[in-house]
4 protein chains.
Amino acid sequence: MPAEPDPARRSHESWRAILDATFELLEEGGYESVTMGAIAARAGVGRQTLYRWWPSKAAVVFEVFLDKTNIGPFVDGGEDFPAQLRAFAHGFRALYVEGPAGTRLRELIGAAQTDPDLARAMVEQWFEPRRAPVRNALHEAQKAGLVRTDVAADTALDLVFAPLHYRLLVSGCPVDAEYVDTVVDLALAAMAPGASFA
Amino acid sequence: MPAEPDPARRSHESWRAILDATFELLEEGGYESVTMGAIAARAGVGRQTLYRWWPSKAAVVFEVFLDKTNIGPFVDGGEDFPAQLRAFAHGFRALYVEGPAGTRLRELIGAAQTDPDLARAMVEQWFEPRRAPVRNALHEAQKAGLVRTDVAADTALDLVFAPLHYRLLVSGCPVDAEYVDTVVDLALAAMAPGASFA
Amino acid sequence: MPAEPDPARRSHESWRAILDATFELLEEGGYESVTMGAIAARAGVGRQTLYRWWPSKAAVVFEVFLDKTNIGPFVDGGEDFPAQLRAFAHGFRALYVEGPAGTRLRELIGAAQTDPDLARAMVEQWFEPRRAPVRNALHEAQKAGLVRTDVAADTALDLVFAPLHYRLLVSGCPVDAEYVDTVVDLALAAMAPGASFA
Amino acid sequence: MPAEPDPARRSHESWRAILDATFELLEEGGYESVTMGAIAARAGVGRQTLYRWWPSKAAVVFEVFLDKTNIGPFVDGGEDFPAQLRAFAHGFRALYVEGPAGTRLRELIGAAQTDPDLARAMVEQWFEPRRAPVRNALHEAQKAGLVRTDVAADTALDLVFAPLHYRLLVSGCPVDAEYVDTVVDLALAAMAPGASFA
DNA sequence: ACCTAACCGAGACGGTACGTCCTGTCTTCTG
DNA sequence: CAGAAGACAGGACGTACCGTCTCGGTTAGGT
């Protein structure tokens, strides 16, 4: 009796059918309308097959999210740091904040507030992989003396990442290109060596 | 048959019993463990009474949140803007980010991702009342020439509000006093007139 | 929270709908095809309503059985005991052994083999009410000196009741009128005062 | 692809392990607790091996029943018919009515009510082999003029077999030695040549 | 000495029924 | 006559089995 099933014996067809069915259901009725039973029925799959490989509907939806949107944005190594940061922020907005991906992201972050496993998985498999290249670029800029070094990198990164998500999750204000530009401007201004208020 | 019940005839005892019961249930088992039925049973109240005055469990929990935490922080008019902003940010952290209120806030924002009515109510009754005094202080500082005027006030405010919530909702990193101080420093640096990267 | 629901508040419409739906399902596909879910769906009733009032599908089916077949046979007080016993046995066969009622009875007795509550309910609400009038007639016959008194009444009754059920449940041999007549003849012969083998 | 598997290649170890595992499970939790999966797991056997050789759990349990209890009772040819019948009835009670064998027999007859294949198998492989020697003894007694010949042998046999099973399956009354003696007395009285009520 | 066919353990699969839980509405009884 | 009590229809949940299937490994003839 296998407490943990053998991934080698997993049915690839069922896997795909489940991801596709879940995606369709999300498009049709949103996160709330998706149920484990509906996924199984749509995919032509037994309910047990779902529960064998995923602990919850949130986990399935997150895998669909990864499957469909795990595509960037990327940080071009050739540019200077301000341009890299700006390009990344605009790319992030385009890919994940506006449009269906933004809705999915909101719903998943929402579910993660009461699902610690999902929260951890999202940080490890989605948020951190997107922060890491920006952090690297930031470190390079620090080495080059372009960015102040008296502030933790992750705190500095939050200056860009946090506003993008805050409007999405909390204030509902639009995250348009102008907002992104302004946020990047402000973040860069704050990161400049010697920047201070007084 | 009143489509909309008459608030004047509302039973004050039931109201209080419901809020108290909900608070207890939240303390005991968290948001997930709260159900409309459990609230009614604990409060010694009919289920209909709940549905008459609140549209959903989220609405009840939000009212409990307001009832228990609608207490500040305040912006002291006498200080200079940097000190006001810093005091506000630390007060916000102490009241709403650490401790049970932070958990409640997370859960409510989580629920709001799939509940537009709740999202709207939270913005109007909770987030905006906390942003407003800071916005006013910001405007005063702008008039005094202490803060740049080429950036929308709400975007500037996000530099402080967003990181506080981002770590709470997304990254799970601690929001300690040092982090708050650094974020305020960076935000102020960005807001300084003429601040820029190059 | 009522551990035991209040029969006074029971919905008569649901009750009838459940019994009717169960009867239809039994007619259509037999005992095996009946499920709690199918009953609820057919009756337009919530699953919980079923579980509120009946502990199992067997209990529902038994109530349907009582509802549809709780009609006799009767023992005519005016006749002599042999005629009474014979009439009863034929009536019993006609009502409960041949036809759909026999199938239902078989299925219920089958289920009762692994369901002690059902077994007890069937004895108390169905078998005993049918044995009692025959036992009374037997006692009258014993008082009149027509039947031996050196044998327990229930043992004597078994001479008639047991063969009817035995063929139904075990041997599968037909229980036709001739068999009933012969069994009654033999039982009466055995009950005659002074009857013995040697 | 063999529609019918080759018994010659059957694994004797698996066979025994299955029967033993099933017996253990029956002892531990009764018929209801036995499942094909549990048998396979306990026996260390693949599920397919079970389905290859038996059509259902009932068939396995019946084979276990045969395996463990297919031992009698026997009819001693040397005695006179009444003594033979009485000895047989007491032996039957001791072996199959009281104790675990009685419970197994009840459960199997119960299952047979909705499983025609099992019903047929039980009649052929278990009931009939036990009736046959008694029927033979009865025929001998009829030839010797000791038993009436105007009644079908199987009907006469039912006078003894039916009450034993009736109490087991239906009324739940004890089938003790006294009951068996009385039933045999009554049956013999009924079988006596010329016996009748009037 | 190999080939191949069938059995074997193992366990994932598509399904179905289960019994529980919760929702939001409706009805009844009671203070 | 307001409200507590709770029955109701509906539906998702996660579990347990069912009977089928596919996968390697082994075993036993048949070449």
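The sequence lines fix the lettering, A, B, ..., with proteins before strands; numbering per chain opens at 1. Being a predicted model, the structure only gives us computed values, none of them experimental.
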So does [X] get a side-chain nitrogen or oxygen closer than 4.0 Å to the phosphate oxygens (OP1/OP2) of [N]?
X	N	value
C:Thr49	F:dA9	yes
A:Ser14	E:dA12	no
D:Arg52	E:dC8	yes
A:Trp53	E:dC13	yes

Among [options], which nucleotide has an atom closest to any side-chain atom of [X]?
X	options	value
D:Pro5	F:dT20, E:dC7, F:dC8	E:dC7
A:Thr35	F:dC13, F:dC8, E:dG24	F:dC13
B:Met36	E:dT23, E:dC18, F:dA9	E:dT23
D:Arg9	F:dA7, E:dA5, F:dA12	E:dA5

*asked:* Classify C:Arg10 by what it touches in the nucleic acid, base, sugar-phosphate, or nothing, heavy-atom distance under 4.0 Å.
replied: sugar-phosphate
*Do C:Val60 and C:Val34 have side-chain heavy atoms sitting under 4.5 Å apart?*
no
*Taking C-beta and beyond as the side chain, do C:Glu107 and C:Val61 meet within less than 4.5 Å on heavy atoms?*
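Not touching, per the 4.5 Å side-chain cut-off.
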*Does the separation of the ring centres of C:Trp126 and C:Phe62 fall below 6.0 angstrom?*
no
*asked:* Which is more 5' along DNA chain F, the nucleotide nearest A:Ser56 or the one nearest D:Gln48? Just name the residue.
replied: A:Ser56
*Which sits closer to the 5' end of DNA chain E, C:Ala8 or B:Ala38, going by the nucleotide each is nearest to?*
B:Ala38
_Distance criterion of 3.5 Å, no angle test: do you see the side chain of B:Arg47 paired donor-to-acceptor with the base of F:dG6?_
no
*D:Lys57 NZ - F:dC18 P separation (whole Å)*: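 Distance, rounded to whole Å: 7 Å.
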*Counting only N and O atoms by type, is there a donor-acceptor contact under 3.5 Å from the side chain of C:Gln113 to the main-chain atoms of D:Leu169?*
yes
